[in-house]
Every structure is written in structure tokens, then in C-alpha cells.
Peer 1: 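Below is the structure I would like to discuss, written out as C-alpha cells.
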Amino acid sequence: MPLGIEHVARGIAKRARRGLFAGKNVMFGNKVSEDGENKSRRQWKPNVQTKRLYSETLDQMVKLRVTTHALGCIDRAGGLDHYLMRTPEKKLDSDIGMALKQRISHIQSRRKAKAQELQKSDSAPSTGPSENPDGNLPAQSPGPSENSDGGPPPEPKKIPRL
């Protein structure tokens, strides 16, 4: 059962809930002086950048606040959509991330249902191979694993790194 956005990101700072921080938060510690080893409290903030990332499913650029660690995670996952779909809800820790994940999963499920519906309508029994008006069978098109020139298949499109 999926958790709601407010249940997932309850213990996370509000600032981190408005972006993809990949588990990075403010850290606290001491600054220690060199000569007297006097300690004073300080904090380290995550390296947050505002970036526009491309979503294949939404087919648009999405402006997000992300940490550099999250950018690396997105890059390793193969893009924003793959990162959001593969990351568990408890680890995502973000209102915006959860909302994007829900939008993407909804669109992907609709596309999958449409594809299955088309596949059912295409697999309906037919009377046989159709013939051209001159009585010849249609020319065979190359399969998905070969080009018309018989060479290897084309390279898949790569996602530009932002």
C-alpha cells in the first residue's frame, strides 16, 4: 500500500521536502581551532543546485532543486524517470519527488493499458496475408533487429546530462 506524501516526508526538513536531496541533510559538528583546539559549533549544508531535468514520460523539462549526490544517482539510474520509479517511497523523502513519481507511474500505466488494448485488437484473427491489387504478396519489411541495409540496429538515444 503506497504511503501518502505527508507520511513519507514527516521527519525531513521542509527545505529538503521541496527537492530531490537523495538522503543528504544538514550536518552539525565542531570547528576546531588549530592552536588551542577550541571548539565552536557549526553546520554543513548539502550542495543544492537548481536544475532542469528531462522527463521522458512527461516529455518535458522539470525544474527541481537537487543535490549533486542526487544528480549522480539520477545519472546512474538512467534518467529522472528511472530514478524516481526505482527509489522506494521511504527513501525518496520529498513531496515533489512523490508527486512526480505518481504522475509518471499514472502516465506509464495508461500507456501500458493502451498498448495492451492495441495488441489485442491487432491479434484478432485475419483472413490471411493481404495481397496487392496486382495479386502479389507485399514486400517483407526488415525485422526490428536489422536495418533495411542489413546492418546492425541503430544506437538508442542517450539522455543528455544536465
Peer 1: Please name the pair of heavy atoms, one in A22 and one in Y83, separated by the smallest distance, quoted to 0.1 Å.
Peer 2: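 Smallest heavy-atom distance, with atoms named: CB-OH, 3.8 Å.
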
Peer 1: What residues, two or more places apart in sequence or in another chain, satisfy side-chain hydrogen bond (donor to acceptor under 3.5 Å, both in side chains) together with S55?
Peer 2: D81

Peer 1: What's the verdict on side-chain contact (heavy atoms from CB on, under 4.5 Å) for K63 and T50, showing C-alpha distance, side-chain angles and the deciding distance?
Peer 2: CA-CA 7 Å; K63 191 173 183 179; T50 302; 3.6 Å; yes

Peer 1: Test your reading of the model: is there a side-chain donor-acceptor pair from T87 to the backbone of L84, 3.5 Å cut-off?
Peer 2: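 No.
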
Peer 1: Is there a donor-acceptor contact under 3.5 Å from the side chain of S33 to the main chain of N38?
Peer 2: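 Checking the backbone N and O of N38 against the side chain of S33, a donor-acceptor pair under 3.5 Å is found.
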
Peer 1: Any chance you could lay out the side-chain contact (heavy atoms from CB on, under 4.5 Å) test for N47 and T68, step after step, and finish with the verdict?
Peer 2: CA-CA 6 Å; N47 186 1; T68 51; 3.3 Å; yes

Peer 1: With rounding to the nearest 0.5 Å, note down the distance linking OG in S105 to CZ in R110.
Peer 2: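 Going from OG on S105 over to CZ on R110, the span is 11.0 Å.
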
Peer 1: To the nearest 0.5 Å, tell me how far S94 OG sits from K101 NZ.
Peer 2: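 Reported value, rounded in 0.5 Å steps: 11.5 Å.
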
Peer 1: Rounded to the nearest 0.5 Å, how far does CD of E56 lie from NE2 of H82?
Peer 2: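 Between atom NE2 of H82 and atom CD of E56 there are 5.5 Å.
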
Peer 1: Side-chain contact, heavy-atom cut-off 4.5 Å: R103 with L58?
Peer 2: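 The answer is yes, as the side chains (C-beta and beyond) meet within the 4.5 Å cut-off.
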
Peer 1: Run through L92, L64, L20 and flag the one making a side-chain contact (heavy atoms from CB on, under 4.5 Å) with L100.
Peer 2: L64

Peer 1: Spell out, as yes or no, whether a donor-acceptor pair under 3.5 Å connects the side chain of R111 to the backbone of H106.
Peer 2: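 Such a contact is absent between R111 side chain and H106 backbone.
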
Peer 1: State plainly whether one hydrophobic cluster holds both W44 and V48, where clusters connect Ile, Leu, Val, Met, Phe, Trp and Tyr through side-chain heavy atoms under 4.5 angstrom apart.
Peer 2: no

Peer 1: Answer whether the closest heavy-atom distance between the side chains of P46 and N25 falls below 4.5 Å.
Peer 2: no

Peer 1: Which heavy-atom pair separates R86 from A77 by the least distance, and what is that distance?
Peer 2: NH1-O, 3.2 Å

Peer 1: Are the side chains of K51 and L71 in contact, using a 4.5 Å heavy-atom criterion?
Peer 2: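 They are in contact (side-chain heavy atoms under 4.5 Å apart), so the answer is yes.
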
Peer 1: State, with a plain yes or no, whether a side-chain heavy atom of E89 is found less than 4.5 Å away from one of M98.
Peer 2: yes

Peer 1: When rounded to the nearest 0.5 angstrom, what is the spacing between CD in Q116 and OG in S121?
Peer 2: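 Separation between the atoms: 12.0 Å.
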
Peer 1: Distance from L80 atom CG to M61 atom CE, nearest 0.5 Å?
Peer 2: 10.0 Å

Peer 1: Does K45 form a side-chain contact (heavy atoms from CB on, under 4.5 Å) with M27? I'd like the steps, not just the answer.
Peer 2: CA-CA 7 Å; K45 294 181 180 175; M27 293 176 56; over 6 Å; no

Peer 1: If the condition is side-chain hydrogen bond (donor to acceptor under 3.5 Å, both in side chains), which residues does D59 pass it with, not counting sequence neighbours?
Peer 2: Y54

Peer 1: Distance from E117 atom CD to D122 atom CG, nearest 0.5 Å?
Peer 2: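 If we round to the nearest 0.5 Å, E117:CD and D122:CG are 11.0 Å apart.
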
Peer 1: Does R41 have any side-chain hydrogen bond (donor to acceptor under 3.5 Å, both in side chains) partners at least two apart in sequence or in another chain, and if so, which?
Peer 2: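 With sequence neighbours excluded, R41 shows a side-chain hydrogen bond (donor to acceptor under 3.5 Å, both in side chains) to N30, given in chain and number order.
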
Peer 1: Just wondering, are more than 12 heavy atoms of other shown residues or ligands nearer than 6.0 Å to CD in E37?
Peer 2: no

